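The structure under discussion appears below in the form of structure tokens.
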Amino acid sequence: MPSSSTDYTPQSPALKALMSRGLLEQASDLQAIDQALLAGPVTFYLGYDPTATSLHVGNLLTIMAMRLLQSHGHKPICVVGGATAMVGDPSGKTEMRKLLSREQIQTNSQRFREQFARFIHFDRGVENDAVLLNNADWLLPLHYIDFLRDIGRHFTVNRMVAMKTYRDRLDGEIPLSFLEFNYQLFQAYDFLHLNREYGCTLQMGGADQWGNMIAGVELIRRMHAHDDQQGQAFCLTFPLLTTADGRKMGKSERGAIWLSGERLSPFEYYQFWVNRDDRDVAKLLRIYTELPLDEIESLTAAEGAAMRTATRKLAFEATRLLHGEEAACQAQKASEQAYGGGGDWSAVPEVVLDIAEIKLVDLLVHPDIQAFKSKRATRQRVDSGAVKINDTPIADPYHLVTRADCGASGLRLKAGKKRFRIRLSQGA
RNA sequence: GGAUGGGUGCCCGAGUUGGCCAAAGGGAGCGGACUGUAAAUCCGCCGCGUUUCGCUUCGAAGGUUCGAAUCCUUCCCCAUCCA
């Protein structure tokens with residue numbers, strides 16, 4: 001039975017930290033986990049879906065948790081769900097099954113690894129270096145009959161059906177495909193495999209993973225029912241983060257907040273954090289920064305406009321962790337000067353266009369700019385005064401922009417909240 | 001395989017006695033005002049196009065009609081029940 005995280009006082013520094021940072025939702029056996037973490041280095045794992053080319057802020061909470069545990073001497077395994085991605089996750093409703101090639105998964109995994117490496121170490125040559133694995137390596141070679149005989153026998157449908165994730169589906173008469181039903185076995189098998197090959201005893205994941213993770217815990221226990229020394233396995237879940245206005249954290253409609261600097265510049269990343277709701281800042285500081293708790297408390301004790309200090313700290317620290325000190329400083333400086341009215345555009349990347357002159361609408365819709373999504377929308381935005389060139393509002397969508405508008409540092413184009421620095425270079 | 005109910009714009013969801021439908025309403029998003037680069041609130045936009053008009057949309061393809069998201073045919077997909 002899941003232990004509640006509220007009424008237990010942890011002994012191990014790792015669990016203590018995890019709990020005080022607000023990273024723990026529920027755990028299979030909190031005391032035993034605590035003991036294990038106290039007794040010595042624990043190898044733990046988290047799974048990631050490699051269907052995207054970059055991780056995003058939604059994944060960041062789990063990465064911070066890995067970082068925290070690793071800093072306490074424990075060993076992370078990042079498992080990329082190559083096999084599962086090859087089948088396609090059926091839980092998304094209208095989601096087409098994306099069949100990814102091995103190469104794509106390979107590339108994505110590589111990218112993930114680079115991003116993980118910002119937060120956890122892989123190659124330090126020490127015991128608790130993190131490891132990145134692909135579950136396709138052990139899931140794909142499985143034979144159905146063997147799998148059923150060796151693994152399937154340890155699962156009873158009765159029990160699976162009793163689990164909340166499945167029961168909700170059944171009670172709600174929401175179709176549950178056999179494939180989906182099997183996911184639990186695969187994930188449980190992952191855990192078993194890691195337990196055998198790497199001595200992994202702890203799985204962590206989002207709250208929605210609970211059923212799958214507990215299945216792994218039980219599988220390991222059953223497989224080792226007769227040897228006394230083995231069979232220790234645990235899982236714990238992280239809270240599902242929502243914003244103060246009740247939405248899921250990190251994924252705006254407009255696009256995910258990518259960790260990849262290529263997909264989202266440090267400046268934009270900083271902007272994401274600095275624009276958080278006041279009510280969320282304390283929680284976010286605990287999770288996404290490593291500031292001491294008492295500092296966080298005093299920072300967020302402020303009210304009103306003074307909250308900006310805390311929010312700015314959050315943005316800076318979060319950006320620093322991902323993109324480094326220098327980039328964070330730059331982003332902060334650019335952000336403050338830009339929005340504070342100063343006008344330092346130096347952090348805004350310069351876009352060079354091989355054009356001598358261009359109409360404003362066309363410029364705003366240009367593939368390299370894409371300030372708005374269509375000319376029609378652009379015209380409307382221009383009408384409502386959303387566009388400024390070199391700090392001068394332009395109301396005419398067909399205003400001709402020429403090289404004369406480019407100063408020494410280029411043309412400063414402001415389109416709503418977005419800003420661009422543009423240089424028009426004469427056509428060849 | 002059989003029966004029934006469905007497939008509407010980013011999402012949810014009206015609309016099916018054919019025109020007043022580029023399609024109600026809500027959410028998200030975007031722009032503006034107000035602010036603290038926040039929240040709340042208010043205003044505007046929210047298919048595309050230099051636009052008192054034109055073009056392309058309501059699962060797909062055909063058809064009926066002066067005119068179809070709305071009617072007919074075939075097909076595809078989804079859900080529920082039966083086998």
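Labels below follow one simple rule: chain letters A, B, ... track the order of the sequence lines, proteins then strands, and each chain is numbered from 1. Note that the structure is predicted; figures quoted are calculated from it, not measured.
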hbond_proxy Asp383(A) side chain to G44(B) base (donor-acceptor, 3.5 Å cutoff): no
Under a 3.5 Å limit for both distances, which nucleotide forms a Watson-Crick or G-U wobble pair with [N], could you say?
N: A33(B); result: U41(B)
N: G5(B); result: C78(B)
N: U52(B); result: none
N: C20(B); result: none
N: U73(B); result: A61(B)

Are side-chain heavy atoms of [X] and [Y] found at a separation under 4.5 Å?
X: Val365(A); Y: Phe372(A); result: no
X: Gln203(A); Y: Gln209(A); result: no
X: Leu360(A); Y: Asp396(A); result: no

Within the pair [X] and [N], is there a side-chain N or O less than 4.0 Å away from OP1 or OP2?
X: Arg376(A); N: C45(B); answer: no
X: Ser384(A); N: G44(B); answer: no
X: Gln380(A); N: C46(B); answer: yes
X: Ser374(A); N: G49(B); answer: yes

Spacing of the [atom1] atoms in [M] and [N] (rounded, Å):
N: U74(B); M: C66(B); atom1: P; value: 24 Å
N: U65(B); M: G13(B); atom1: P; value: 36 Å
N: A22(B); M: C53(B); atom1: P; value: 12 Å
N: C30(B); M: C10(B); atom1: C1'; value: 12 Å

Ser335(A) and its side chain to side chain donor-acceptor pair (under 3.5 Å) partner, picked from Gln330(A), Arg312(A), Gln271(A), Glu268(A): Gln271(A)
In whole Å, what is the span from the [atom1] atom of [X] to the [atom2] atom of [N]?
X: Phe272(A); N: A38(B); atom1: CZ; atom2: P; value: 14 Å
X: Arg312(A); N: U37(B); atom1: CZ; atom2: P; value: 9 Å
X: Met307(A); N: U35(B); atom1: CE; atom2: C1'; value: 16 Å
X: Arg276(A); N: A39(B); atom1: CZ; atom2: P; value: 9 Å
X: Phe372(A); N: G29(B); atom1: CZ; atom2: P; value: 16 Å
X: Asp362(A); N: C48(B); atom1: CG; atom2: C1'; value: 15 Å

Sugar-phosphate, base or nothing in reach of Lys414(A), heavy atoms under 4.0 Å: nothing
Go through [options] for me and flag the one nearest to the [X] side chain.
X: Arg381(A); options: U37(B), C45(B), A38(B); result: C45(B)
X: Asp278(A); options: G49(B), G31(B), A38(B); result: A38(B)
X: Asp277(A); options: U37(B), G31(B), A39(B); result: A39(B)

Flag if over 12 foreign heavy atoms under 6.0 Å of CD, Glu350(A): yes
Residue whose closest nucleotide on RNA chain B lies nearer the 5' end, Ala415(A) versus Val361(A):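 Nearest nucleotide further toward 5': that of Ala415(A).
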Cation-pi check, Arg276(A) onto Phe272(A) ring (under 6.0 Å, within 45° of axis):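 Yes, cation above the ring, under 6.0 Å and within 45°.
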